[in-house]
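One structure is given below, encoded as structure tokens.
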Amino acid sequence: MIKELLETRIRPAVQEDGGDIVYRGFDADSGTVTLKMMGACSGCPSSSVTLKSGIENMLMHYIPEVKEVVEAPPDEGEEEALKAFDQLEQQLGQQQQQQQQQGLLQPQQQCSPAR
């Protein structure tokens, strides 16, 4: 029932925003559903609100055995990828600063992602 609800009601809504969720498990003793946030949801500040306010409330409403929804921790491959991405971002930022100092590049304005 949890998987069916995720696939039919929750996942399509999350995918509309460029994200995705993957079911990782259910602990019947504690009533905890574990999900993995992916795509645009991965690392998004709003994902914890989506997880608690949206997904958790819907699952608890339809499935009384569900008491909590938590995000699965990153696996080893994801940790490696995140570290490599952080290093790349730092290198690009340093290059951009050097170019700005040399007058080769105009400073960019910060903007929030489009929704």
Side-chain angles (χ1 to χ4, degrees):
M1 179 83 171
I2 294 171
K3 287 182 184 180
E4 180 182 339
L5 192 57
L6 286 171
E7 291 295 323
T8 59
R9 311 272 324 267
I10 299 170
R11 194 166 179 224
V14 172
Q15 288 174 333
E16 283 181 13
D17 286 332
D20 203 358
I21 54 172
V22 177
Y23 174 81
R24 291 289 171 102
F26 175 67
D27 181 345
D29 293 334
S30 66
T32 302
V33 175
T34 304
L35 302 174
K36 182 70 183 164
M37 304 295 279
M38 302 179 77
C41 292
S42 178
C44 173
S46 300
S47 67
S48 60
V49 174
T50 299
L51 198 65
K52 290 293 180 185
S53 298
I55 299 170
E56 183 177 81
N57 287 343
M58 183 177 279
L59 287 176
M60 289 170 61
H61 176 77
Y62 288 104
I63 306 166
E65 294 83 10
V66 173
K67 305 296 180 208
E68 179 183 33
V69 175
V70 297
E71 185 172 1
D75 58 29
E76 280 185 43
E78 288 173 307
E79 286 288 340
E80 294 291 323
L82 289 171
K83 287 178 188 176
F85 185 72
D86 286 342
Q87 288 175 346
L88 177 63
E89 278 189 321
Q90 288 175 357
Q91 290 172 352
L92 292 174
Q94 290 170 354
Q95 287 175 357
Q96 190 175 31
Q97 284 179 341
Q98 289 172 352
Q99 290 174 349
Q100 286 174 352
Q101 290 170 352
Q102 295 170 356
L104 300 174
L105 189 65
Q106 295 294 319
Q108 290 184 336
Q109 293 181 344
Q110 296 287 331
C111 64
S112 59
R115 281 190 110 340

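Note that the structure is predicted; figures quoted are calculated from it, not measured.
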In one Ile/Leu/Val/Met/Phe/Trp/Tyr side-chain cluster, 4.5 Å: V70, V66: no

Rounded to the nearest 0.5 Å, how far does CG of L5 lie from CD1 of I10? 4.5 Å

Take atom CD of E4 as the centre, draw a 6.0 Å sphere, and report whether it contains more than 12 heavy atoms from other residues, nucleotides or ligands. no

Determine, stepwise, if the pair Y23 / L35 fulfils side chain to side chain contact (heavy atoms under 4.5 Å, CB included). CA-CA 5 Å; Y23 174 81; L35 302 174; 4.3 Å; yes

Linked, directly or transitively: M58 and L6 (ILVMFWY side chains, under 4.5 Å): yes

Ignoring hydrogens, what is the shortest heavy-atom contact between S53 and N57? Give both atom names and the distance. O-ND2, 2.6 Å

Calculate, to the nearest 0.5 Å, the distance between atoms CD and OG1 belonging to E68 and T34 respectively. 8.5 Å

T32 and K67: CA distance, side-chain angles, deciding distance, side chain to side chain contact (heavy atoms under 4.5 Å, CB included) verdict: CA-CA 6 Å; T32 302; K67 305 296 180 208; 6.0 Å; no

What about I63 and I21, same hydrophobic cluster or not, with Ile/Leu/Val/Met/Phe/Trp/Tyr joined at side-chain heavy-atom distances under 4.5 Å? yes

Do you know which two heavy atoms are closest between A72 and R24, and how far apart they sit? CB-CG, 4.0 Å

Any donor-acceptor pair under 3.5 Å linking the side chain of E56 with the backbone of V69? yes

Restricting to non-hydrogen atoms, name the atom on F26 and the atom on E65 that form the minimum distance, rounded to 0.1 Å. CZ-O, 4.0 Å

Rounded to the nearest 0.5 angstrom, the CE-CD distance for M38 and E71 is 10.5 Å

